Structures are given as C-alpha cells and as structure tokens.
Amino acid sequence: EAEVAQSPRYKITEKSQAVAFWCDPISGHATLYWYRQILGQGPELLVQFQDESVVDDSQLPKDRFSAERLKGVDSTLKIQPAELGDSAMYLCASSRDITTEAFFGQGTRLTVV
Amino acid sequence: RKEVEQDPGPFNVPEGATVAFNCTYSNSASQSFFWYRQDCRKEPKLLMSVYSSGNEDGRFTAQLNRASQYISLLIRDSKLSDSATYLCVVKEGNAGKSTFGDGTTLTVKP
C-alpha cells in the first residue's frame, strides 16, 4: 500500500536555529498538505499545494515558515528561526485531487529547547 | 466560534455499547466530509468518507445533514480497539481547504 513518507520522525532543535522537514506524497497525488498539530487539538492546515502551486497558506507564519514543492512532487517545510512555541507534530498529507480524502504520513515530532 | 466543532468528550463506554458523535460546521459551501481516527501520538487515519446519502462500513455509520450543517458517526457494538480520538474533516468546494475539528476521545472499557 502506497504511503506518504516523512523525515525525520523526530527532531530536537535549539530555539533560533533553522529546521527543515521533508515529505514525499503518494505517487500521482496532486494535492499536498502540511499540518501542525498541538496535543489535544486537531491538525491545523499550514499550507496546501496543488501540484507546485500554493493554493492556501493563510495560516502559515510567513515571517519564519516557508514551504516549497518545486517539481510538484516532494515538498519541504522550513522554520527559521525556530521558537519554543513551534514544538508540535508536523504532519504531511496528500490526496489525489483537491476534493478527495487525504492520507497522512507518520509526522515529524519537533521539540524546540 | 470555530469553523468545525466537536464535543471533546471523553466518551467512556462499555464494550458492546453504541456510541454516536456529532460534528457541526459553519461554512455552508462545504462539499466533502470525512471521519478520521487518531491513536495516541500517531497520525490520523481515514475511517470513512461521508456521503449525502449516508454510508455504512461494518459497525460504523456516517450521516450528513446539510440543512443543519452537521455530520455524525455511529459506532455499534464497540470494541476495546475502537478507543481513539475521532476527528471530523470538512472541505470547501472550490479551494478544497480542509478544516479539522479538535476531535472526540472515545474510551471503550471491558
């Protein structure tokens, strides 16, 4: 069964450092999502791509976060500089198209110290 | 008011019980609806899509009420393994923006 791949699984970084997460969606999935999930809450959409284009980044803190999906396949989410409040699970998901169900990767658990 | 609201619970039920969760949404332009299951410290996994006519998958039944803007999930004959957090997801029609609820926690006890 095809899966969404994410790396790393866990990341500990010091505040003010840069950190990057990588996601490889299910092959053929045009839509890719990055979510942030804080314990006890549902995932919050940070950015959504349709192929290589951003279709929604309204909740992305653009002063420190950036995301790209240059060839419309895999994607990178970067935080620079990291802050203590960025500690969370970062989830990547993909879907065949914009209206269909999304499948999640295992996530990257970020701890900022 | 949140765009998607769920009763956080927790719902504590005995094995074999029937339990129902509701999820209300505020955006009338919403087109697609889903239920996900999330185990502790794991990623959400798709449980089922919610269709206008309702749908059933074994012990699970999902319903959509567009007039009142809510979706529901019914679990019959609860198993210990059903213990998890259940998240509803609402997608807009045009941009396909997905909004998750904060989840409802279910604990099934022997």
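Since we're looking at a predicted model, the values are computed, not measured. Lettering follows sequence order; numbering is per chain, from 1.
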Which atoms of [X] are under 4.5 Å from chain B, going by heavy atoms: the side chain, the backbone, both sets, or neither?
X	value
E44(A)	neither
A93(A)	neither
T100(A)	backbone

What's the shortest heavy-atom distance between K97(B) and S58(A), and which atoms?
->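 That closest heavy-atom pairing would be NZ-OG, 4.2 Å.
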
Rounded to the nearest 0.5 angstrom, the CZ-CD distance for R41(B) and Q37(A) is 11.0 Å

Is there a side-chain contact between P44(B) and Y35(A), using heavy atoms and a 4.5 Å cut-off?
->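 A side-chain contact under 4.5 Å is absent here.
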
Y36(B) side chain near E101(A) side chain, heavy-atom distance below 4.5 Å | yes

Can you get from [X] to [Y] by hopping between Ile, Leu, Val, Met, Phe, Trp and Tyr side chains that sit under 4.5 Å apart?
X	Y	value
V47(A)	L70(A)	no
F21(A)	F49(A)	yes
F65(A)	V54(A)	yes
F104(A)	I26(A)	yes
V4(B)	I71(B)	yes

Counting only N and O atoms by type, is there a donor-acceptor contact under 3.5 Å from the side chain of K91(B) to the main-chain atoms of I98(A)?
-> yes

Which answer fits S32(B), side chain, backbone, both or neither, if we ask what part of it has an atom under 4.5 Å from a heavy atom of chain A?
->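 For S32(B), the side chain is the part near chain A, not the backbone.
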
Check whether Q38(B) gets within reach of chain A through its side chain, its backbone, both or neither, counting any heavy atom under 4.5 Å.
-> side chain

Using a cut-off of under 4.5 Å for heavy-atom pairs, which of G105(A), P43(A), G107(A) has the most such pairs with chain B?
-> P43(A)

